[in-house]
Amino acid sequence: MSDNACIICVAITGSLPGKDNNPAVPITIEEQIESTQEAFEAGATIAHCHVRDDAGKPTSDPDRFARLLEGLRRHCPGMIVQLSTGGRSGAGRDRGGMLRLSPDMASLAVGSNNFPNRVYENSPELVDWLAAEMAAHGVMPEIEAFDLSHILQAAIMHKDGRLPNRPYVQFVMGVKNAMPVDRDVFDYYIHTVKRLFGQDVPWCAAGIGPNQIVLNEWAISSGGHARTGLEDNVRIDRDTLAPSNAALVRRAVDLCDKYERPVATWQQARGILGLTERGSA
């Protein structure tokens with residue numbers, strides 16, 4: 001059964017949504033820990049994490065990440081913690097300052113693309129440095145692919161040793177001005193990942209806004225893993241705000257039931273990704 005198990009990743013906060021968008025968005029470290037624990041109990045086994053400063057603005061402050069990591073290891077034992085090195089939270093190498101904390105995973109964008117109101121810039125020098133820091137601290141990268149070229153770049157980096165282990169790729173679709181939600185493209189992404197990294201390679205998909213449920217269904221029905229959470233989408237349906245991250249996780253769990261895929265336990269998720277358990281707090 002574990003061969004078909006689906007890993008659910010919950011993106012709990014992000015850099016953009018605030019209480020004005022949905023009061024359930026967890027901003028403080030304490031809120032994030034509580035929200036993640038509820039999502040963990042609902043079936044999520046990866047927590048994708050950003051942190052905010054005292055004003056609620058995104059930051060890459062390693063001390064805040066350390067507090068969050070400690071709390072999640074204490075209250076969600078076994079859960080895979082993935083910290084964000086995304087560009088909305090900092091600039092340059094500040095984006096990777098938390099990697100010395102040795103989380104299980106960290107996000108890694110290997111190329112640039114357009115976002116709604118700016119360029120999401122990931123220079124080759126910064127990408128190489130982030131990848132080297134992840135390797136040095138035993139952190140598994142999750143390749144955030146906003147474009148087909150990012151999957152191909154990950155393959156090049158794997159071949160030349162900058163990504164020592166087989167990449168875990170997440171397709172991100174539905175960001176305005178980046179890759180739209182397109183089923184033919186999605187299917188070609190799967191084809192490309194399997195061609196480059198092997199037929200048994202695990203992969204994940206994320207959809208933004210109302211496309212979250214679309215990508216959840218496409219990924220789960222196609223044998224991939226799924227990302228959900230308030231970072232990407234603050235609504236449970238068109239007219240209703242999501243009451244919690246856990247509610248969005250339960251929606252993904254329902255799709256796993258629909259397509260007869262067991263929801264991965266944290267032990268199964270670590271086995272699928274080849275991750276050993278870190279020390280708990």
Side-chain angles (χ1 to χ4, degrees), residues 9-18 25-33 36 46-73 80-147 150 153-154 157 162-164 167-170 172 175 177-178 206 208 227 229-232 278 281:
C9 172
V10 60
I12 56 174
T13 300
S15 296
L16 291 179
V25 174
I27 301 297
T28 68
I29 299 297
E30 294 73 20
E31 287 176 336
Q32 289 180 299
I33 293 169
T36 304
I46 299 178
H48 175 77
C49 304
H50 295 245
V51 290
R52 306 287 184 93
D53 63 18
D54 290 338
K57 302 297 183 183
T59 177
S60 293
D61 182 355
D63 291 337
R64 290 180 183 268
F65 271 118
R67 287 170 50 208
L68 178 58
L69 182 60
E70 179 184 15
L72 294 182
R73 285 179 173 167
I80 298 165
V81 181
Q82 179 189 109
L83 304 185
S84 173
T85 66
R88 287 193 178 104
S89 301
R93 295 190 177 188
D94 287 346
R95 288 168 49 180
M98 81 297 290
L99 295 174
R100 60 178 172 78
L101 301 172
S102 295
D104 298 293
M105 299 180 73
S107 59
L108 178 63
V110 297
S112 302
N113 60 277
N114 286 340
F115 268 5
N117 300 307
R118 67 182 185 89
V119 175
Y120 182 27
E121 185 175 349
N122 295 287
S123 69
E125 183 275 333
L126 178 60
V127 171
D128 286 349
W129 181 81
L130 288 170
E133 284 291 290
M134 291 181 196
H137 295 287
V139 180
M140 180 179 182
E142 179 188 77
I143 306 302
E144 295 196 336
F146 296 89
D147 185 82
H150 299 169
Q153 178 63 15
M157 294 177 69
R162 284 175 288 169
L163 294 174
Y168 180 57
V169 178
Q170 175 177 263
V172 184
V175 175
N177 298 327
I208 306 304
R227 166 164 147 165
L230 291 167
E231 171 178 348
D232 301 335
R278 301 285 195 183

Could you grab the distance from atom CD1 of Ile27 to atom CD of Gln32, nearest 0.5 Å is fine? 7.5 Å
To the nearest 0.5 Å, what is the distance between CG on Asn113 and CG on Asn177? 9.5 Å
Those residues that, when tested against Pro62, pass side-chain contact (heavy atoms from CB on, under 4.5 Å) (two or more places apart): Arg100
Got a sec, which residues hit side-chain contact (heavy atoms from CB on, under 4.5 Å) with Gln153, two or more places apart in sequence or on another chain? Val110, Ile156, Met157, Arg162
Between [Y] and [X], is there a side-chain heavy-atom distance shorter than 4.5 Å?
| X | Y | result |
| --- | --- | --- |
| Met134 | Thr85 | yes |
| Leu72 | Ile33 | yes |
| Leu83 | Val139 | no |

Between the side chain of [X] and the main-chain N/O of [Y], is any donor-acceptor distance below 3.5 Å?
| X | Y | result |
| --- | --- | --- |
| Ser102 | His137 | yes |
| Asp104 | Val81 | yes |
| Arg52 | Gly14 | yes |
| Ser84 | Cys49 | no |

Determine the minimum heavy-atom distance between [X] and [Y], stating which atoms define it.
| X | Y | result |
| --- | --- | --- |
| Val127 | Leu108 | O-CD1, 4.3 Å |
| Leu163 | Ala154 | CD1-O, 3.7 Å |
| Asn122 | Ser112 | N-OG, 2.8 Å |

Partners meeting ring pair (Phe, Tyr, Trp, His ring centres under 6.0 Å) with Phe146 (sequence neighbours left out): Phe115, Tyr120
